[in-house]
Amino acid sequence: INAEYMGDSEDDLLQRIDQPLNVCKDEKAGKLFIECDYNRDGDNYRSPWTDQYFPPIEDGSGFHPNPELRNLEMKANSLFDAYRHLYFEGGVSSVYMWSMGRGGADFAACFMVKKDVSPGEKKYEGMTGTWNSIHVFSVTAGGMKSEPWEYKLTSTVIVSMAITKPRLGQIDLSGNVWHRSQKRKSTANQIRTISQ
């Protein structure tokens, strides 16, 4: 994650999700991915498909998840890409994961979908707009094996839709919704259970 945010509190990270999403292309994989604060290092963005930065970072540095999280990240991107295709019928999805920096099993992840509506598509005739959904969650292990784990989820949806039709005139529908939930649950399993 952007070094600028590495020292921020977990709550600050989970709330920095109120900006519309941009898309970049991973030239090596030939796939699009979403740019955000969670895969940014300066002006460079890490692709979830190849774990490489675009444009490349000259000295080869930049944040990369540890091997265990990277494996989980790849599986999550594959699954979320299939969900995005079936549910949204287009658009771009990306999943990014990172350690919370306290060692152990603590980690966070961001799941995102961006879908643009084009008036060139028959079913969207007379409409232009975009859908941005951002879901950020964190998992914090209990201090002792018997202590419950803490799960936090922050979800934001940003929608902008302009409609121009003879029977309706011009309509602008834009807005966003934000929701946060938090739970504590007991478990004897560690992060590797999630990746199975």
Side-chain angles (χ1 to χ4, degrees), residues 1-29 31-57 60-84 88 91-116 130-141 150-159 176-182 191 194-195:
I1 194 168
N2 185 356
E4 176 184 346
Y5 302 134
M6 288 300 287
D8 288 357
S9 71
E10 177 182 332
D11 288 343
D12 288 340
L13 286 171
L14 295 175
Q15 292 176 21
R16 191 175 283 108
I17 56 174
D18 58 355
Q19 299 298 317
L21 303 171
N22 294 316
V23 173
C24 181
K25 185 173 183 179
D26 182 327
E27 298 294 346
K28 183 175 181 180
K31 291 186 175 183
L32 298 175
F33 65 93
I34 294 174
E35 299 177 347
C36 67
D37 285 337
Y38 301 99
N39 68 325
R40 180 166 73 92
D41 192 313
D43 295 325
N44 313 84
Y45 294 87
R46 185 176 68 86
S47 166
W49 304 114
T50 59
D51 199 27
Q52 296 184 6
Y53 279 86
F54 296 87
I57 297 179
S61 62
F63 167 80
H64 297 275
N66 63 50
E68 190 170 23
L69 275 182
R70 175 57 185 156
N71 181 56
L72 185 58
E73 182 182 75
M74 289 189 292
K75 292 180 179 179
N77 271 282
S78 179
L79 290 172
F80 209 57
D81 188 52
Y83 159 76
R84 184 267 318 155
F88 290 90
V92 180
S93 65
S94 293
V95 180
Y96 302 106
M97 298 189 177
W98 63 95
S99 169
M100 293 302 293
R102 291 186 288 268
D106 298 355
F107 77 102
C110 182
F111 292 72
M112 297 170 288
V113 173
K114 180 179 179 66
K115 169 71 183 288
D116 292 326
T130 183
W131 166 284
N132 300 269
S133 56
I134 308 105
H135 309 280
V136 182
F137 75 88
S138 67
V139 179
T140 304
E150 184 175 64
Y151 302 84
K152 295 181 182 179
L153 171 66
T154 301
S155 296
T156 300
V157 176
I158 306 171
V159 178
N176 64 73
V177 62
W178 178 89
H179 177 73
R180 184 172 186 180
S181 61
Q182 180 175 337
I191 185 175
I194 302 175
S195 64

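Numbers for residues simply follow the sequence, beginning at 1.
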Original post:
Does the pair Asp116 and Thr130 meet the rule for a side chain to side chain donor-acceptor pair (under 3.5 Å), with working shown?
Top reply: CA-CA 4 Å; Asp116 292 326; Thr130 183; 2.8 Å; yes

**OP:** Quick one: list whatever passes salt bridge (Lys or Arg N to Asp or Glu O under 4.0 Å) with Asp26, sequence neighbours left out.
**Re:** none

Original post:
Would you call Asn77 and Ser93 a side-chain contact if the rule is heavy atoms closer than 4.5 Å?
Top reply: no

Subject >> Any residue meeting ring-ring contact (aromatic ring centres under 6.0 Å, His included) with Trp131, in chain and number order, not counting sequence neighbours >> reply: Phe88

**OP:** Please test Asp41 against Tyr53 for side-chain contact (heavy atoms from CB on, under 4.5 Å), starting from the C-alpha separation and ending with a verdict.
**Re:** CA-CA 9 Å; Asp41 192 313; Tyr53 279 86; 3.7 Å; yes

Subject >> side-chain hydrogen bond (donor to acceptor under 3.5 Å, both in side chains) partners for Glu73, two or more places apart >> reply: Arg46, Arg70

Subject >> Under 3.5 Å: donor-acceptor pair, side chain of Tyr96, backbone of Ala108 >> reply: no

Original post:
Among all residues two or more places apart in sequence or in another chain, which pass the side-chain contact (heavy atoms from CB on, under 4.5 Å) test with Ser61?
Top reply: Ile57, Asp59

Subject >> Set of residues satisfying side-chain hydrogen bond (donor to acceptor under 3.5 Å, both in side chains) with respect to Glu27, sequence neighbours excluded >> reply: none

Subject >> Donor + acceptor pair across side chains of His135, Ser155 (<3.5 Å) >> reply: yes

Original post:
In terms of side-chain heavy atoms, does Asn39 have a donor or acceptor partner in Tyr45 at a distance below 3.5 Å?
Top reply: no

**OP:** Tell me, please, which residues at least two apart from Phe54 pass ring-ring contact (aromatic ring centres under 6.0 Å, His included).
**Re:** none

